[in-house]
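In what follows, residues are counted from 1 in the order of the sequence shown.
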Amino acid sequence: MTSVSLLGPGEEPIVLEVATPAAPVRVPTTRRYLMCSPEHFTVEYSINPWMDPTRPISTALAVEQWTALKETYERLGHRVETIAPQPGLPDMVFAANSGTVIDGRVLGSRFRAPQRAAEADHFRRWFLANGYRDVVMPERTNEAEGDFTWTGRYLLAGTGFRTDPLAHAEAQEVLGVPVVSLQLTDPRYYHLDVALFVLADDLVAYYPDAFSPGSRRVLRRLFPDAVIATGEDAACLGLNAVSDGRHVVLPVEAVRLADEVAERGFEPVFVDISELRKSGGGPKCCTMELRD
């Protein structure tokens with residue numbers, strides 16, 4: 001209940017109790033994810049503003065944090081598949097960048113940075129070995145779920161730093177879903193999945209300053225009730241989050257964003273990804289969703 005004061009005839013306040021709308025009841029759906037252990041994780045090159053090869057890195061801590069993330073998904077009832085990590089590919093832990101799967105169709109990735117190029121074929125072979133037959137490797141540069149976000153109705157498609165804008169049309173043709181192009185403008189938020197995530201059907205959270213003015217207008221039109229993140233939310237990679245429709249797995253530092261999603265009826269679930277963040281990654285980067 002909310003108290004509202006009105007002035008009565010004699011200027012005496014009249015206090016009314018007004019019922020506030022309850023947050024919607026959020027229902028989780030069981031998900032299936034593909035992840036890759038960071039056994040070879042390090043920062044030995046820089047391909048985004050988060051990466052500094054001179055900073056100390058603990059591979060053991062990265063593995064510990066990744067394991068806790070995987071166990072969090074499993075505790076929430078989700079199924080986690082794994083792909084074997086490969087030496088010489090320190091960023092393979094960021095599985096979201098290597099495939100987009102919708103209705104069992106797979107669009108693989110083509111990385112912009114040569115240091116990551118070999119990852120794509122390891123994932124292609126994993127898909128084939130695990131029963132996927134409709135697997136297409138792209139002609140245009142696309143970094144998969146890094147820049148492709150499925151809302152259940154649209155494929156939101158980022159461009160500006162990594163994914164070729166022509167890859168958006170390729171994704172629509174291969175996956176058979178409508179694509180909405182969005183322009184990223186801040187190099188810190190070089191992928192769509194560090195600037196926006198889907199909470200539930202027709203509801204997203206995003207950081208407006210990561211997008212061009214036109215893309216902000218598109219997002220306002222498509223998602224008028226969106227959760228609007230602050231610079232602080234974005235700076236801890238709070239938007240690199242994963243929602244199952246009720247539980248929202250996000251970095252432990254994203255306290256304000258957690259409060260916002262809780263007010264919408266979601267349950268925040270915190271994880272520590274501080275070591276993986278040194279490479280510009282968070283929960284979503286480590287998590288490819290297998291939508292069969």
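- The two atoms that bring V198 and W150 nearest to each other are CG2-O, 3.7 Å, heavy atoms only.
- Not one N or O on the side chain of K284 forms a donor-acceptor pair closer than 3.5 Å with the backbone of L239.
- Here the closest non-hydrogen pair linking A226 and R264 is O-NH2, 3.4 Å.
- Listed for the D272 side chain is no donor-acceptor partner under 3.5 Å among the backbone atoms of E253.
- We find that E170 and R110 are not joined by a salt bridge, their nearest charged nitrogen and carboxylate oxygen being 4.0 Å or further apart.
- Ring orientation note: the planes of Y132 and W126 are tilted relative to one another, at an angle of 30° to 60°.
- Between F211 and Y206, the angle of the ring planes goes over 60°, which puts this pair in the perpendicular group of the 30/60° scheme.
- Distance alone, capped at 3.5 Å, is enough to place a donor-acceptor pair between the S215 side chain and the Q183 backbone.
- Contact annotation: the side chain of K278 never approaches that of D52 to less than 4.5 Å [non-hydrogen atoms, C-beta and beyond].
- Rounding to the nearest 0.5 Å gives a distance of 11.0 Å between OG of S243 and CD of E267.
- Atom CD of E139 has 12 or fewer heavy atoms from other residues, nucleotides or ligands within 6.0 Å.
- Using a 4.5 Å heavy-atom cutoff, the side chains of T163 and H168 are in contact.
- V269 and V261 are not part of a single hydrophobic cluster, where members link through side-chain heavy atoms under 4.5 Å apart.
- Here the CG-CG distance, from D193 to N240, works out to 4.5 Å after rounding to the nearest 0.5 Å.
- Put simply, CD on E260 and CG on L199 are 10.5 Å apart, with the number rounded to the nearest 0.5 Å.
- Expressed to the nearest 0.5 Å, how far OG1 of T100 lies from CD of E289 amounts to 11.0 Å.
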Criterion side-chain contact (heavy atoms from CB on, under 4.5 Å) on T159 and S181, from CA distance to verdict | CA-CA 7 Å; T159 189; S181 295; 5.7 Å; no
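- Of the possible donor and acceptor atoms, one in the side chain of D164 sits under 3.5 Å from a partner among the backbone N and O of L166.
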Are L276 and C286 close enough, and set up right, to give a side-chain contact (heavy atoms from CB on, under 4.5 Å), and what steps lead you there?
-> CA-CA 9 Å; L276 296 166; C286 295; 3.9 Å; yes
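- Side-chain atoms of F41 and P85, non-hydrogen and from C-beta on, never get closer than 4.5 Å to each other.
- Separating the NZ atom in K70 from the OG atom in S37 is a distance of 9.5 Å, to the nearest 0.5 Å.
- Contact detail for P268 and L250: the closest heavy-atom pair is CB-CD2, 4.0 Å.
- Residues I47 and V93 share a hydrophobic cluster, clusters being chains of Ile/Leu/Val/Met/Phe/Trp/Tyr side chains in contact below 4.5 Å.
- Listed for the D147 side chain is a donor-acceptor partner under 3.5 Å among the backbone atoms of L192.
- V106 and V136 fall into different hydrophobic clusters, defined by Ile, Leu, Val, Met, Phe, Trp and Tyr side-chain heavy atoms under 4.5 Å apart, directly or through other members.
- The shortest distance between side-chain heavy atoms of V174 and R105 does not fall below 4.5 Å.
- Residue pairs meeting the ring-ring contact (aromatic ring centres under 6.0 Å, His included) criterion with at least one member in residues 240-273, sequence neighbours excluded, do not occur.
- For the side-chain hydrogen bond (donor to acceptor under 3.5 Å, both in side chains) test with N97, the passing option among R162, R116, E119, E143 is R116; the others fail.
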Contacts under 3.5 angstrom, residues 229-238 side chains, donor-acceptor by atom type, not counting sequence neighbours:
unit_1, atom_1, unit_2, atom_2, d
T230, OG1, E232, N, 3.3
T230, OG1, E232, OE1, 3.3
T230, OG1, D233, N, 3.2
T230, OG1, D233, OD2, 3.1
D233, OD1, L257, N, 3.2
D233, OD2, T230, N, 2.7
D233, OD2, R256, NH1, 2.9

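- With values rounded to the nearest 0.5 angstrom, D209 atom CG is found 8.0 Å from T185 atom OG1.
- Side-chain contact between E263 and V227 is absent, with no heavy-atom pair separated by less than 4.5 Å.
- W66 and L76 end up in the same hydrophobic cluster when Ile, Leu, Val, Met, Phe, Trp and Tyr side chains are linked at under 4.5 Å.
- With hydrogens and angles disregarded, a donor-acceptor distance shorter than 3.5 Å links the side chain of R291 to the backbone of V101.
- When atom types are taken as modelled, the side chain of E81 and the backbone of R79 share no donor-acceptor pair closer than 3.5 angstrom.
- A 6.0 Å sphere centred on CD of E74 holds more than 12 heavy atoms belonging to other residues, nucleotides or ligands.
- Side-chain atoms of T151 come within 3.5 Å of backbone atoms of R153 as a donor-acceptor pair (strictly under, hydrogens ignored).
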How far apart are the C-alpha atoms of F123 and S109, what are their side-chain angles, what is the distance that settles it, and do they pass the side-chain contact (heavy atoms from CB on, under 4.5 Å) test?
-> CA-CA 9 Å; F123 280 86; S109 64; over 6 Å; no
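- Counting heavy atoms from C-beta outward, L69 and T287 have side chains that approach closer than 4.5 Å.
- Contact annotation: the side chain of V204 never approaches that of T149 to less than 4.5 Å [non-hydrogen atoms, C-beta and beyond].
- In this structure, the side chains of E44 and P53 stay at 4.5 Å or more apart for every pair of heavy atoms.
- No donor-acceptor pair closer than 3.5 Å links the side chain of R31 to the backbone N or O of Y73.
- Taking every heavy atom of both residues into account, H122 and L89 meet most closely at CD2-CD1, 3.6 Å.
- Residue pairs meeting the ring-ring contact (aromatic ring centres under 6.0 Å, His included) criterion with at least one partner in residues 172-199, sequence neighbours excluded, are Y189-Y207.
- Among all heavy-atom pairs drawn from L184 and A195, the shortest one is CD2-CB, 4.2 Å.
- The shortest non-hydrogen separation linking L34 to T82 is CD1-C, 3.8 Å.
- Residues F94 and V242 share a single hydrophobic cluster, defined by chaining ILVMFWY side chains whose heavy atoms lie under 4.5 Å apart.
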side-chain contact (heavy atoms from CB on, under 4.5 Å) between L156 and F223: does it pass, once the steps are laid out?
-> CA-CA 12 Å; L156 303 181; F223 308 106; 4.0 Å; yes
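- Although no hydrogens or angles enter the test, the distance criterion places no donor-acceptor pair under 3.5 Å between the side chain of R32 and the main chain of L290.
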